[in-house]
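I have placed the structure first, in the form of structure tokens, so that the comments after it can refer back to it.
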Amino acid sequence: MAGRELGAFSMIALDNLTLGYDRHPAVHHLDGRFAEGSMTAVVGPNGAGKSTLLKGIVGLVQPLDGRVIFSGIDRRDIAYAPQAAEMDLSFPLSVLDMVCLGHWRRMGPFGRLRPKLRDQALQALDRVGLEGFGGRALDTLSVGQRQRALFARVMTADAAAIVLDEPFAAVDAGTTLDLLDLMAIWRKQGRTVIAVVHDLEIVRRHFPDCLLLAREIVAWGPTSEVLVSGNLDALKAMAEAWEDHAPICERGQAA
């Protein structure tokens, strides 16, 4: 189960993808696909390359080798929510302004925020439980509130694919359930959802598909088949065998 075969109906496919920094791989030789309308949890220990993979998909990290293939969409059709803890709070930005950034694709760099788009952003804030927060400075929000605001921004983007980096980190149980409800709605709407998740029980209950990652793919497929003891043991063994100063990985080299 080390990856899925590329297919004609793939929405986002990984073709021998290697990503890293200073030419040293963080993840390498990844092959597989995220099908249209799928909801996939990316699971692995700290340092496994999960965030790097997501950044590679959305174009924030360029491949050292291989490629990301889009079928029927391009990167402009992806809404990305980084970890709330990574948000730059030094820039004076209101909550509403941040959520309105989800309209970027429709507005462009010099577009004007039309009243209809502003109303949609306010409605998204209402939907995530932040009614009345639009005028507040972003740096006044708690981590959980910032996570809700990121989800509101994703909602305004109205994207075909949604990529979320640790959406449940440092948030309470109630917020987690609310965000999971929104993700279930996105899936019913046929959107492709990819999220880094650490809680295996959340993965088992809410994510039909799972990708186990430890710098390379351990297993990828239906969650019930992936989260089994053999794969989890292999994940742990691979994590323990990591070399922080491993040589540069060349194309075609065994993973």
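The first residue of the sequence shown is numbered 1, and numbering continues consecutively from there.
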Evaluate the criterion side chain to side chain contact (heavy atoms under 4.5 Å, CB included) for residue pair I78 and I162; output intermediate values, then yes/no. CA-CA 6 Å; I78 300 176; I162 298 166; over 6 Å; no
Let me see the working for N16 and R67 under side chain to side chain contact (heavy atoms under 4.5 Å, CB included), right down to the final yes or no. CA-CA 7 Å; N16 197 42; R67 56 182 177 158; over 6 Å; no
Taking it one step at a time, do R153 and M98 satisfy side chain to side chain contact (heavy atoms under 4.5 Å, CB included)? CA-CA 7 Å; R153 188 178 72 183; M98 191 276 283; 3.6 Å; yes
Run the side chain to side chain contact (heavy atoms under 4.5 Å, CB included) check on L30 and L213 step by step: do they pass? CA-CA 10 Å; L30 308 185; L213 187 67; 4.0 Å; yes
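The two residues I217 and D31 have their closest heavy-atom pair at CD1-O, 3.3 Å. A157 and A79 get closest at one heavy-atom pair: CB-CB, 3.9 Å. The two atoms that bring E36 and G190 nearest to each other are CG-O, 4.2 Å, heavy atoms only. The shortest non-hydrogen separation linking T52 to L19 is O-CD1, 3.5 Å. Looking at every heavy atom in both residues, V61 comes nearest to G20 through CG1-O, 3.9 Å.
Remark: the backbone N or O of G44 is paired with a side-chain donor or acceptor of K50 at under 3.5 angstrom. When atom types are taken as modelled, the side chain of T192 and the backbone of G37 share a donor-acceptor pair closer than 3.5 angstrom. The backbone N or O of R76 sits less than 3.5 Å from a side-chain atom of D74, completing a donor-acceptor pair. The backbone N or O of V226 lies less than 3.5 Å from a partner atom in the side chain of N231, making a donor-acceptor pair. Q62 places a side-chain N or O within donor-acceptor distance of the main-chain N or O of G59, the cut-off being under 3.5 Å. Judged purely by atom type and a 3.5 angstrom limit, R33 has no side-chain atom pairing as donor or acceptor with the backbone of I69.
Going from atom OH of Y21 over to atom CG of L64 covers 9.5 Å, rounded to the nearest 0.5 Å. A distance of 11.5 Å separates CD of E225 from SG of C210, quoted to the nearest 0.5 Å. With rounding to the nearest 0.5 angstrom, the CG atom of L138 is 9.5 Å from the CG atom of D97. To the nearest 0.5 Å, atoms CG (L14) and CZ (F34) are separated by 5.5 Å. Rounding to the nearest 0.5 angstrom, the gap separating the CG atom in D209 from the OG1 atom in T40 is 4.5 Å. Taking CG of L96 as the reference point, atom OG1 of T156 lies at 10.0 Å (rounded to 0.5 Å).
Listed by chain and residue number, V43, R204, L227, L232 satisfy the side-chain contact (heavy atoms from CB on, under 4.5 Å) test with L200 (two or more places apart in sequence, or in another chain). Partners of A81 according to the side-chain contact (heavy atoms from CB on, under 4.5 Å) rule, which considers only residues two or more places apart in sequence or in another chain, are L150, V154, L164. The ring-ring contact (aromatic ring centres under 6.0 Å, His included) test applied to F207 returns no partner, not counting sequence neighbours. By the side-chain contact (heavy atoms from CB on, under 4.5 Å) test, T140 pairs with R136, A137, sequence neighbours left out. By the salt bridge (Lys or Arg N to Asp or Glu O under 4.0 Å) test, R191 pairs with D158, sequence neighbours left out.
Between P167 and Q147 the shortest side-chain heavy-atom distance falls below 4.5 Å. Contact annotation: the side chain of L17 never approaches that of V27 to less than 4.5 Å [non-hydrogen atoms, C-beta and beyond]. Using a 4.5 Å heavy-atom threshold, the side chains of F168 and I202 count as touching. Counting heavy atoms from C-beta on, the side chains of H103 and Q120 come closer than 4.5 Å. With contacts defined as side-chain heavy-atom distances shorter than 4.5 Å, the pair R127/I185 qualifies. Contact check for W186 versus M39: no side-chain heavy atoms found under the 4.5 Å cut-off. Two residues are said to be in side-chain contact when any heavy atoms from C-beta on lie closer than 4.5 Å; V68 and I12 meet this criterion.
Side-chain contact check for E166 and H198: at least one donor-acceptor pair (N or O, by modelled atom type) lies under 3.5 Å.
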For a quick test of your reading: what N or O donor-acceptor pairs under 3.5 Å do the side chains of residues 170-183 make, sequence neighbours left out?
| from | atom 1 | to | atom 2 | distance (Å) |
| --- | --- | --- | --- | --- |
| D172 | OD1 | G174 | N | 3.2 |
| D172 | OD1 | T175 | N | 2.6 |
| D172 | OD1 | T175 | OG1 | 2.9 |
| T175 | OG1 | R148 | NE | 3.3 |
| T175 | OG1 | R148 | NH2 | 3.0 |
| T176 | OG1 | D172 | O | 3.1 |
| D178 | OD2 | R148 | NH1 | 3.3 |
| D178 | OD2 | R148 | NH2 | 3.0 |

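Note on V143 and L130: separate hydrophobic clusters, where clusters join Ile, Leu, Val, Met, Phe, Trp and Tyr whose side-chain heavy atoms are under 4.5 Å apart, directly or indirectly. In the hydrophobic cluster analysis, where Ile, Leu, Val, Met, Phe, Trp and Tyr join through side-chain heavy atoms closer than 4.5 angstrom, L211 is grouped apart from V228. When the side chains of ILVMFWY residues are joined at heavy-atom separations under 4.5 Å, either directly or via intervening members, L53 and F70 end up in a single hydrophobic cluster. When the side chains of ILVMFWY residues are joined at heavy-atom separations under 4.5 Å, either directly or via intervening members, M11 and V58 end up in a single hydrophobic cluster.
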